[in-house]
Amino acid sequence: MFQEVTIPCGKYDFNPETKKVAIVKAKGLLTLCLNEENELQLKWYNLDQDSKLEIERFLIKGFTFFEKVKGQNRVYLLRFTDDDQKYFFWMQSEDSSLDENYCKQFNNVINAQVLDDPIEIEQQPPVQTQTQLHSQPVQQQMDQQQQQLLQLLQQQLAQKVGPGLSLTDLLSSEFLTQISNDQEYFDALKEYLPSDQQNLEQFRQNLLSPQFKQALDQLTHALKGRERSSVIQQLDLDYRVLEQEFDGVIAFVKAIIRKAQNKN
Amino acid sequence: MQEWCTIESDPGVFTELINAIGVQGVQVEEIYDLNDEQQIAQMQPIYGFIFLFRWTSKGEKRECLKIYDQDLFFANQVIQNACATQAIISILLNCPQIEIGEALKNYKEFVIALDPKERGNCLGAVDVIKTAHNSFARPEPFIFSNDKKKAKEGDDVFHFVSYIPFKGKVYELDGLQEGPILIGEYQDDWIVRAKEAILNRIQHYQEKETAFTLLAVNQCRRFKANKIIEQSQNEIFLSLKTLEFIGVDLTEEQKQLLLQISNQQNIEQELLQESQQELLNRLTLAKNRIQEAQITLSEENAKFQKYKEENSRRKHNYIPFILELFKMAQRKGQLEGLLEKAQQKQQQKLQQQMKK
């Protein structure tokens, strides 16, 4: 059994040199299909160019989000938690009330994919309802949209400049030195030290050891990798923080804060 | 069948590994300067060298011996992750003066009639060795859906080559070549001969800016120190006994010492044929040697204690510790501050970079 959805929509092109998002003024068709091999295949055809296939990609449930862009008119974003690539689409069906339904169908097809690991990924976040309809002429509308989209994209890019934070950035040597003398920290962490090293002096040495630093680097790497959602879940934390926070390390911290807040 | 894991190339790891498979009195040490004669002398007896370097390409084929001494043990490297362990074993199995233990003795007997490839294969079947090797694997705290790849990107893949003396000749044993490579003959000191070949390699890799390390497989220094102490005590015993015999009055201290040592000595030994002065000199020298040996012993004990701690940390899964640390920081209200500080620092760095 396979599932499929076809959406009439146009696309935007992102120019990495000028860093501008440009609307592609062409009629298009987006298809998403869950095939017999349990693969999610995405395709976008340019109908004004003889149905030329211009986007083709495999998606993975749990790492893919398709949602309406807030404050924009009929613009939808396809984004990934394990990849920087973004695709913006603008709905083209005559009846704009069908947009929400198309989006739902799209997400349903994604969720129909069967994942091997027993971790169940919840439904996609609920689709935003349209706020107001713009009463301006279409051309002006598109220019305005373009401006806002550009801003949005630039914002997201700005966050991505640089390699992001690592766990060793958070646990500065200053902080580690401070807690290595802290009785409360020692009492809380003692049982998690190697079994033959559960004393205050060894606590200090462990915090400064290359093996500890290596473990931090290993965890940082895992939190930034393809399977970060799975990693966060295996740490018994809420993976949904990844929907708002792209950086796996920051997501990890926020998940811990969230967990503590939920307890209270 | 369980796979062989990657282990860290560290002398502490290798030393404990050797001991775990039943070898006695042997350790592995890193050599920083092959020309440092004093350091080399202190490490003697050295049973072999291991040269390890970062593996980049297939590597050139070298001229190997097709026919060689039947007693020279050579095996091909078949298991990638076992390359270090195999390089060490190739030294141990070519050294009759080392007590190699049951596991290695059995392996050698079993494979002596097989060809080098088969020998390499069979190494994988020796459970004691594989278990000991794998006990040094880094903990894998997460389950990933693509678990088949063991060597991740960023992992260093090293290749190991051994140098040994064997019946008057120095050989290079490279598990990826077809047979042993003859380096040359030697008279008294094999290290002089091996040095040339090794220094050539070092120069080659320094030019290519490839990372490398040189290790020695040598007699355990504690073992050696204990032997020296034993021998020296024996000498003191004999010297004192002879002094007594030739009628010299022993001091109280000497009498005590004689009593002490004679309680440890069981064997009747012949007295020394020396003059009083010679005997007293002998006494002094022996005492000095004991002192030096005891210093070595305490240094080595400290070193092995450190190895033990490091190995314990290597095998430890720190994830629960890290998680609890962050949770504690949250409880103490420090976590958000840490995040802010780190982000600020990063911002500053970026701004500085953009100014350039």
Side-chain angles (χ1 to χ4, degrees), chain A residues 115-117 161-172 174-176 178-179 182 184-185 187-189 191-197 202 205-207 209-219 221-222 225-227 230-231 234-237 249-250 252-257 259-261, chain B residues 8 10 12-13 136 138-147 149 152-155 305-354:
Chain A
L115 289 181
D116 283 334
D117 49 346
V161 174
L165 288 179
S166 71
L167 288 171
T168 38
D169 288 332
L170 286 168
L171 300 180
S172 64
E174 199 180 45
F175 177 70
L176 288 178
Q178 187 193 334
I179 67 170
D182 187 316
E184 275 180 25
Y185 267 96
D187 287 336
L189 295 173
E191 62 185 281
Y192 300 100
L193 286 166
S195 57
D196 55 343
Q197 301 182 12
Q202 284 291 355
Q205 304 230 11
N206 266 272
L207 287 174
S209 70
Q211 289 78 28
F212 176 64
K213 178 163 189 308
Q214 223 171 44
L216 283 176
D217 290 340
Q218 199 185 13
L219 180 54
H221 186 75
R226 286 189 63 89
E227 312 220 14
S230 170
V231 168
Q234 289 182 51
L235 292 170
D236 200 25
L237 297 168
V249 168
I250 300 180
F252 167 70
V253 172
K254 290 191 173 164
I256 290 182
I257 295 173
K259 185 166 187 158
Q261 285 169 345
Chain B
E8 202 176 318
D10 175 270
V13 171
F136 290 92
R138 247 188 278 169
E140 299 269 348
F142 299 109
I143 306 166
F144 291 122
S145 57
N146 181 23
D147 237 353
K149 221 156 68 95
K152 306 172 275 274
E153 289 123 37
D155 259 8
Q305 179 59 26
K306 190 160 157 279
Y307 281 171
K308 187 161 159 277
E309 284 168 12
E310 286 172 354
N311 282 332
S312 190
R313 288 176 202 148
R314 278 186 188 103
K315 299 177 186 182
H316 185 67
N317 177 5
Y318 278 99
I319 300 300
F321 181 87
I322 294 172
L323 195 53
E324 191 59 33
L325 203 165
F326 276 92
K327 287 183 179 168
M328 185 62 180
Q330 159 63 14
R331 288 197 289 269
K332 291 209 116 184
Q334 291 168 311
L335 187 51
E336 284 174 8
L338 285 175
L339 183 56
E340 258 176 56
K341 230 182 180 173
Q343 283 172 320
Q344 270 171 9
K345 237 187 177 170
Q346 197 189 38
Q347 273 293 85
Q348 284 170 351
K349 248 201 220 161
L350 287 173
Q351 281 169 355
Q352 277 176 353
Q353 275 177 3
M354 299 219 276

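No hydrogens, no waters, no symmetry mates; every other heavy atom, side chains included, goes into these values. Throughout, protein chains are lettered first and strands after them, A, B, ... in sequence-line order, and every chain is numbered starting at 1.
- Counting only heavy atoms from C-beta outward, the side chains of B:K332 and A:D182 approach each other to under 4.5 Å.
- With contacts defined as side-chain heavy-atom distances shorter than 4.5 Å, the pair A:Q234/B:I319 does not qualify.
- Other residues, nucleotides and ligands contribute at most 12 non-hydrogen atoms within 6.0 Å of the NZ atom of B:K306.
- Interface remark: of the candidates A:D196, A:V253, A:I250, A:N206, A:N206 forms the most heavy-atom pairs closer than 4.5 Å to chain B.
- The residues A:E174 and B:K341 are annotated as salt-bridged, a charged nitrogen and a carboxylate oxygen being separated by less than 4.0 angstrom.
- Taken from OH in B:Y318 to CG in A:L207, the straight-line distance is 8.5 Å, to the nearest 0.5 Å.
- Between B:L335 and A:L170 the shortest side-chain heavy-atom distance does not fall below 4.5 Å.
- Ionic pairing of B:K349 and A:D169 is not present here: no N-O contact between side-chain nitrogen and carboxylate oxygen is shorter than 4.0 angstrom.
- Looking at A:F175, only its side chain comes within 4.5 Å of chain B, counting heavy atoms on both sides.
- Contacts of B:E310 with chain A are made by both backbone and side-chain atoms, with heavy-atom separations under 4.5 Å.
- Using a 4.5 Å cut-off between heavy atoms, A:L216 contacts chain B through both its backbone and its side chain.
- Ranked by heavy-atom pairs under 4.5 Å with chain B, the list A:Q197, A:K254, A:E191 is led by A:Q197.
- In this structure, B:K315 places its NZ atom where more than 12 heavy-atom neighbours from other residues, nucleotides or ligands lie under 6.0 Å away.
- In terms of non-hydrogen atom pairs under 4.5 Å with chain A, the most contact-rich of B:K327, B:Q334, B:K345, B:R331 is B:Q334.
- Between B:A329 and A:Y185, the closest heavy-atom pair is CA-OH, 3.3 Å.
- Neither the backbone nor the side chain of A:D217 comes within contact range of chain B; no heavy atoms are under 4.5 Å apart.
- Taking 4.5 Å as the limit, every side-chain heavy atom of A:Y192 sits out of range of all side-chain heavy atoms of B:I322.
- Heavy atoms closer than 4.5 Å to chain A are found in both the backbone and the side chain of B:E324.
- In B:Q343, the CD atom is crowded: over 12 heavy atoms of neighbouring residues, nucleotides or ligands sit closer than 6.0 Å.
- Looking at B:L325, both its backbone and its side chain come within 4.5 Å of chain A, counting heavy atoms on both sides.
- For a residue to count as touching a neighbouring chain, one of its non-hydrogen atoms must lie under 4.5 Å from one of that chain's; by this rule A:I179 touches chain B with the side chain only.
- If you take CD on A:Q211 and NE2 on B:H316, they are separated by 11.0 Å, rounding to the nearest 0.5 Å.
- Under the 3.5 Å distance criterion, with hydrogens and angles disregarded, no donor-acceptor pair is assigned to the side chains of A:Q214 and B:R313.
- Here the CG-CZ distance, from B:L339 to A:F252, works out to 11.5 Å after rounding to the nearest 0.5 Å.
- Between A:L167 and B:F326 the shortest side-chain heavy-atom distance falls below 4.5 Å.
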